[in-house]
Amino acid sequence: MGNYFSAERFINVFPKVISNLSVNLHIVFWSMLLGTILAIFVAVLRIRRVPVISGLLGIYISFMRGTPLLVQMMIAFYGIPIVLGNLFLNLFGINLNRLEPVIFVEIAIILNEGAFLGEIFRGAITSVPSVQAEAGYSIGMTGAQTFYRIVLPQAFKVALPHYGVDFIGVFQNTSLVFILGVVDLLGKAKTLGAATGHSLEGYLSAAIIYISFSLFLKGVFLLIENRLNNGTAKAV
Amino acid sequence: MIELTGVKKSFGKQEVLRDVSIKVNDGEVVVILGPSGSGKTTLLRSINFLERADSGIMKFGEKEINFKTAKKKDVLYMRRHTGFVFQNYGLFAHKTVLQNVMEGLVQVQKKSKSEAQRIAEEVLDNVGMLEKKDSYPSQLSGGQQQRVGIARAVALKPDLILFDEPTSALDPELVGETLEVIKKVAKTGITMIVVTHEMSFAEDVADRVIFMDGGVVVEEGKPSEIFYKPKEERTRQFLSRIIPQDAYVI
């Protein structure tokens, strides 16, 4: 490999790259937390078929699923300050142009996840056989009791594997943020590469970190799934 | 006990119930017979508001409910005073047998966990399912699931239990054990309306048989009258199809 790769440089650069993993984790945490909450609302509103709102949500979901996340990030980053800039400045005294770029990235991912997870949740909820809800009603439970105690736990089990895959996808998609100038672990690898003239060690570090953490996440979700299936492994 | 007057229900253009009136007395066991599509299941589901009838009056004890104007509290009242046993069992798939029976006792009747468990275990013992109390529905046979379904309804001590074809999803060899349990429940004196195709069960247990066809009540009477001396031609035709002619041979 000649001078393209050296183990010494790799050992030197790896800790510097991994120190920026926290940036990616910060994005994943907030995007998934708020994205999941948004998705629950999207799913419930879609299932209830509220006349106008359902139509609007349909357009929103088509847009989110029909455009690349990177485009959505760009629009959020450049568009939100232009459209809402004056409003926020006058109303709250916040200058949107001064906000950290990472916030716009998170807004984009939250909206994106609201659509993708919303569809996953909707599918999971409607997959629970209608007799389950009817049985809940028949013993005198209210609609809310039936939803939270009977339908939702069963839907949760259906949604969990898809949720896990989506979660890992979001983690990997956080790598897009360095295009907007957010220095995440990939951004750090690129900067170090530019400074030293040796890129490969940094990118390899990034790849190793991505795959390790993805496998870790996969393990965590498998563990939760097994816990849930404990005793009902043969269910349905 | 319960009296339905002028119940009508359509699904789109399909008129499923056209002006049905029935009355069931306290402690009576009534079997509803009829070909599929006759509206008997819809009628049963309307009582429990699993289906919303378009019009008609329901008198239940002291209460009078108009289907057209029934409020949420009327719906809950009916559901909390009646039990429902489903054709395909409808056990909560994510709960154990014991949890299935306790759910309504704890969440609806607000009984303490320990009291709910005591009641649930007693009822499960009555249907011969106490040993399986920690199993999940998917680990049980159809007959066992249906016995739990019956236990779940009985545990809440409803004034009326509605059985919607409780044995028609079962393998033939499991029908007997389930019917035995239903007979046992009938003997406790609780009011029951049973939709079924099991003629010998109807003959054994029913105080009265109602024959429905095409969304109306065609004929009703004692099982012996309906089965052996039907007045209506439609009843006769239906029975001749259900009761095999060669049953008398051998």
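Letters A, B, ... mirror the listed sequences (proteins, then strands); counts begin at 1.
Comparing B:Arg80, B:Gln107, B:Arg45, B:Met78 by heavy-atom pairs within less than 4.5 Å of chain A, the highest count is held by B:Gln107. Interface check for chain A: of the options B:Gln87, B:Arg152, B:Glu103, the most heavy-atom pairs under 4.5 Å are formed by B:Glu103. If you tally non-hydrogen atom pairs under 4.5 Å between each of B:Asn88, B:Asp134, B:Leu91 and chain A, the highest count goes to B:Leu91. Ranked by heavy-atom pairs under 4.5 Å with chain B, the list A:Gly140, A:Ser138, A:Gly136 is led by A:Gly140.
Among the candidates A:Gln132, A:Arg149, A:Gln154, the single residue satisfying the side chain to side chain donor-acceptor pair (under 3.5 Å) test with B:His94 is A:Gln154.
Residue A:Gln145 touches chain B through its side chain alone, counting heavy-atom pairs closer than 4.5 Å. Within the 4.5 angstrom heavy-atom criterion, only backbone atoms of B:Thr82 (N, CA, C, O) approach chain A.
In terms of heavy atoms, A:Ile139 sits closest to B:Val108 at O-CG2, 3.5 Å. Minimum heavy-atom separation, A:Ala135 to B:Gly90: CB-O, 3.1 Å.
Applying the 6.0 Å contact sphere to OH of A:Tyr148 captures no more than 12 heavy atoms from other residues, nucleotides or ligands. By the 6.0 Å contact criterion, NZ on B:Lys59 is open, its count of non-hydrogen atoms from other residues, nucleotides or ligands being 12 or less. The environment of NZ in B:Lys63 is crowded: more than 12 heavy-atom neighbours from other residues, nucleotides or ligands sit within 6.0 Å. More than 12 heavy atoms of other residues, nucleotides or ligands shown are found within 6.0 angstrom of OH on B:Tyr77. Residue-environment remark: CD (B:Glu173) exceeds the threshold of 12 foreign heavy atoms within 6.0 Å. Surrounding CD1 of A:Ile211 are at most 12 heavy atoms belonging to other residues, nucleotides or ligands under 6.0 Å away.
B:Phe92 places none of its side-chain heavy atoms less than 4.5 Å from the side chain of A:Pro153.
In this structure, B:Lys184 has no side-chain contact (heavy atoms from CB on, under 4.5 Å) partners at least two apart in sequence or on a different chain.
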